[in-house]
Every structure is written in C-alpha cells, then in structure tokens.
J.: 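There's a structure below that I have some questions on.
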Amino acid sequence: MDFINKLKAIWDKNNSLLCVGLDPDMPNLPEHLKDGEAPYFNFNKAIIDATAELVCAYKPNSAFYEARGAAGIQELQLTCAYIHENYPDIPVILDFKRGDIGNTNSQYAAFAFDYLGADAVTVQPWQGGEAVQVFLDRKDKGIMILDRTSNTGSGEFQDLLVNDRKLYLQVAQNVRDNWNKNGNCLLVVGATFPQEMAEIRELVGDDMIFLVPGMGAQGGDTGATVKAGLNLAGTGLVINSSRSIIFASSGEDFAEAARQKALGFREEINKYRGQKA
Ligand code: OMP
C-alpha cells in the first residue's frame with residue numbers, strides 16, 4: 001500500500017494523529033541499556049512495543065544514528081525492519097532533511113527507500129523542484145517538504161517576502177501546484193507556529209497533509225495546533241513528539257512511561273478533534 005493510504009488507514013485504526021519520534025541519544029538512555037548490544041535498537045523496540053496501538057507513524061531521525069557511525073546506521077536499519085515486520089500497518093518516516101542535485105538525491109532516495117524501506121522522508125526545497133524530482137517520482141512514498149519549520153529562528157529566511165508573500169507560502173504554493181502531480185507531497189509545518197499553519201492550510205486546501213513537529217519539548221500548543229491544521233475530515237496532520245515521549249522516564253519503566261505519555265498526547269489531540277480519546 002502506498003504511504004498516503006497506509007497513513008489514512010492507521011489514523012482510523014488507532015484513532016490517532018500522533019507520531020512518535022525515535023531520536024535516542026546515549027546520555028538519555030536508561031542505564032541498564034547503555035552497555036548492552038544494540039542499545040538504540042533495544043530502546044526503540046521497547047518504545048515501539050509499548051506504543052504501537054497509539055500512533056499513526058514512527059519517525060526516526062537519521063542524525064541520532066549517523067552520529068554513532070556504522071553501528072548507529074545498523075541500528076536504524078534494524079529499527080525500520082522491526083516496525084515493518086511486527087507492525088506492518090504503521091508507516092516509518094525517515095527524517096533526514098536531505099536535498100542536493102538530482103543524481104545525488106537519487107542516492108539519498110536509494111538509502112531511505114531501498115536500503116531502509118522507509119515509507120516517507122523529509123526533504124528540503126531549497127534547490128528547486130527539478131532537484132527533488134527523483135524523490136517526487138517515488139509515487140508510493142511520502143515526500144515531506146520543509147515549509148515552516150518549528151525552530152525559533154525559522155523566520156530568518158522563511159518569512160522573507162517573495163512575490164509579495166512570505167517565502168513559506170510561496171513554497172507551499174509551488175508544492176501544491178507544481179510538485180504534487182503524484183499526490184505524494186506533504187508539508188512540514190511546526191507546531192510552534194499555529195498562525196502560519198492556519199494560513200498554509202487555507203492556501204493549500206484540505207487534501208495536503210502536514211507533518212507537525214514541535215509538540216512537547218519545543219512547547220507547541222496542542223489546541224492551537226490542531227485547530228489551525230486540522231482539515232474538514234478531522235485529519236490531515238501527523239503530529240510528532242520525540243523527547244517528551246521517549247525520555248518520559250530514564251528508569252527501567254521507560255517504555256511504560258512512554259506509553260502513558262503517548263496515551264495522554266493522543267487523548268489531548270483527540271479532544272481538540274472532537275474525537276473520543
Ligand atoms: P522533539 O523536539 O524532541 O519532539 O523532536 C522533534 C523532532 O522533529 C526532531 O527529530 C527534529 O529534527 C524534527 N523536526 C523539528 O523539530 N522541527 C522541524 O521543523 C522539522 C522537524 C522534522 O522534519 O521532523
């Protein structure tokens with residue numbers, strides 16, 4: 001099944017717009033996992049098993065794995081394979097924010113889709129549609145274009161006026177009109193900018209799905225985010241939280257603590273969707 005339909009099915013099945021970000025780092029890992037074999041994989045496995053009925057996606061960020069070299073990349077591959085084998089209806093979003101000239105992008109796409117089996121990736125739009133075409137051509141995959149990012153300094157370029165409108169609106173329009181011929185584009189819009197999210201929703205309409213990072217550790221407001229980004233079907237959002245869920249406890253109870261946190265997030269999001277928890 002292609003990414004968009006997989007996502008729609010799991011939104012429904014798990015009654016959830018929540019994505020758990022799998023961004024482990026050594027200092028925050030529970031002590032009993034640090035010295036063992038494959039610490040990130042074993043950590044992720046426990047988090048995944050504890051939250052699989054509460055989420056609509058998992059989003060490992062490649063940086064946390066690349067930082068440990070070959071061992072980290074192997075654990076990223078094991079994590080993706082574990083999700084596909086044990087929870088095949090949950091999509092894996094590889095967050096790697098890549099972007100380069102076309103023939104280099106084809107190598108990034110091969111890593112994400114062919115080696116890791118990711119269902120979707122994050123990419124940057126800076127080099128233009130011609131450069132990202134090799135991603136867009138992967139019709140069955142989700143291509144998540146950075147638009148209005150969650151970091152505090154994101155306005156430095158994204159708010160600049162281009163054609164009398166802010167750059168993030170221009171990017172959103174290009175994606176809507178020119179890049180989304182295969183219906184596989186999404187936009188990345190931070191939870192920390194609900195007003196901008198509402199403008200983007202108005203511009204691109206109901207069908208475009210947003211990946212929304214910035215809940216939890218970065219302080220995004222759940223109510224404001226859901227109200228700004230939700231479409232008329234009561235969906236249209238993949239709301240990510242990483243640290244606030246996966247590091248809810250640093251003790252041996254870390255997986256159960258993550259589950260409780262994910263339950264709370266799902267419930268809160270659903271409250272603003274007008275959905276039962
Ligand atoms: P927490 O702040 O721990 O919830 O992690 C947020 C995750 O979302 C990290 O993996 C970030 O790299 C990612 N992210 C953002 O925080 N802001 C953005 O604008 C875009 C992303 C992303 O593409 O997921």
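We use all heavy atoms of the structure for the numbers below, so side chains are in, but hydrogens, waters and symmetry mates are not. Keep in mind that this is a model prediction, so the values were computed, not measured. Each ligand, and each atom within it, is numbered from 1 in the order the structure gives.
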J.: Decide, yes or no, whether a salt bridge links Lys34 with Glu31 under the criterion of side-chain N to carboxylate O below 4.0 Å.
T.: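 Salt bridge: yes.
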
J.: Any heavy atom of Ser241 closer to ligand 1 than 4.0 angstrom?
T.: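 Judged by the 4.0 Å heavy-atom criterion, Ser241 does count as contacting ligand 1.
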
J.: Establish, for the pair Arg138 and Phe113, whether the NZ or CZ atom is under 6.0 angstrom from the six-membered ring centre and no further than 45 degrees off its axis.
T.: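 No - Arg138 does not lie over the ring of Phe113 by the 6.0 Å and 45° rule.
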
J.: Using a strict threshold of under 4.0 Å (side-chain N to carboxylate O), is an ion pair present between Asp119 and Lys6?
T.: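 Looking at Asp119 together with Lys6, the answer is yes, because their closest N to O distance falls below 4.0 Å.
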
J.: Go through the side-chain N and O atoms of Asn61 and Asp95 and say whether any donor and acceptor fall under 3.5 Å apart.
T.: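 Yes, because at least one side-chain N or O of Asn61 sits under 3.5 Å from a partner of the opposite role on Asp95.
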
J.: Do Phe43 and Phe254 make the cut of ring centroids closer than 6.0 angstrom?
T.: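 They qualify: ring centres under 6.0 Å apart.
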
J.: Does a donor on one side chain sit under 3.5 Å from an acceptor on the other, for Asp49 and Tyr82?
T.: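 There is such a pair (donor and acceptor under 3.5 Å, judged by atom type) between the side chains of Asp49 and Tyr82.
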
J.: Return a yes/no value for Ser244: is any of its N or O atoms, backbone included, closer than 3.5 angstrom to an N or O of ligand 1?
T.: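 Between Ser244 and ligand 1, no N or O pair is found under 3.5 Å apart.
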
J.: What's the shortest distance from atom 6 (C) of ligand 1 to any protein heavy atom, and which residue and atom give it?
T.: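 The protein heavy atom lying closest is Gln218 NE2, 3.5 Å.
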
J.: Just jot down the ligand 1 atoms closer than 4.0 angstrom to any heavy atom of Asn240, in number order.
T.: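 By the 4.0 Å cutoff, the relevant atoms are 6 (C), 7 (C), 8 (O).
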
J.: Do the side-chain N and O atoms of Thr225 and Thr222 include a donor-acceptor pair separated by under 3.5 angstrom?
T.: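 No pair is found: no donor N or O on one side chain lies under 3.5 Å from an acceptor on the other.
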
J.: Does Glu252 have more than 12 heavy atoms from other residues, nucleotides or ligands lying within 6.0 Å of its CD?
T.: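 No, CD of Glu252 has 12 or fewer neighbouring heavy atoms, counting only those of other groups under 6.0 Å.
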
J.: Identify, for atom 9 (C) of ligand 1, the protein heavy atom at the shortest distance, and state residue, atom and that distance.
T.: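 The protein heavy atom lying closest is Asp23 OD2, 3.3 Å.
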
J.: Just distances here: any N/O of Thr122 and N/O of ligand 1 closer than 3.5 Å?
T.: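 Between Thr122 and ligand 1, no N or O pair is found under 3.5 Å apart.
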
J.: In terms of residue, atom name and distance, what is the protein heavy atom nearest to atom 5 (O) of ligand 1?
T.: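 Answer, as residue, atom name and distance: Ser242 OG, 3.2 Å.
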
J.: Can you find a non-hydrogen atom of Met215 under 4.0 Å from ligand 1?
T.: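 Contact check Met215 vs ligand 1: positive.
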
J.: For atom 14 (N) of ligand 1, which of the options Pro213, Gly220, Cys19 provides the nearest non-hydrogen atom?
T.: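 Looking at heavy atoms only, Pro213 sits closest to atom 14 (N) of ligand 1.
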
J.: Quick one: look up the protein heavy atom nearest atom 8 (O) of ligand 1 and list residue, atom name and how far away it is.
T.: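 Protein heavy atom with the smallest distance to atom 8 (O) of ligand 1: Lys59 NZ, 3.2 Å.
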
J.: Determine whether the side chain, the backbone, both or neither of Asn151 has a heavy atom under 4.0 Å from any heavy atom of ligand 1.
T.: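 The answer is neither; Asn151 stays 4.0 Å or more away.
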
J.: Going by distance alone, is a donor N or O of one side chain under 3.5 Å from an acceptor N or O of the other, for Asn44 and Tyr58?
T.: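 The criterion, which ignores hydrogens and geometry beyond distance, is not satisfied for Tyr58 and Asn44.
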
J.: What distance do Gln195 atom CD and Arg148 atom CZ have between them, rounded to the nearest 0.5 Å?
T.: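 These two atoms lie 10.0 Å from each other.
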
J.: At under 4.0 Å between heavy atoms, is it the side chain or the backbone of Ser150 that contacts ligand 1, or both, or neither?
T.: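 For Ser150, the contact with ligand 1 is made by both the backbone and the side chain.
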
J.: Using a 3.5 Å cut-off on N or O atoms only, is Thr149 in polar contact with ligand 1?
T.: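 So ligand 1 has no N or O lying under 3.5 Å from an N or O of Thr149.
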
J.: Check if Arg148 has a non-hydrogen atom at a distance under 4.0 Å from any atom of ligand 1.
T.: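 No heavy atom of Arg148 comes that close to ligand 1.
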
J.: Among protein heavy atoms, which sits nearest to atom 3 (O) of ligand 1, and what does the distance come to when rounded to 0.1 Å?
T.: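 The closest heavy atom on the protein side is Arg243 NE, 2.7 Å.
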
J.: How close does the nearest protein non-hydrogen atom get to atom 12 (O) of ligand 1, and which residue and atom is it?
T.: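 Sorting protein heavy atoms by distance from atom 12 (O) of ligand 1 puts Asn61 ND2, 2.9 Å first.
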
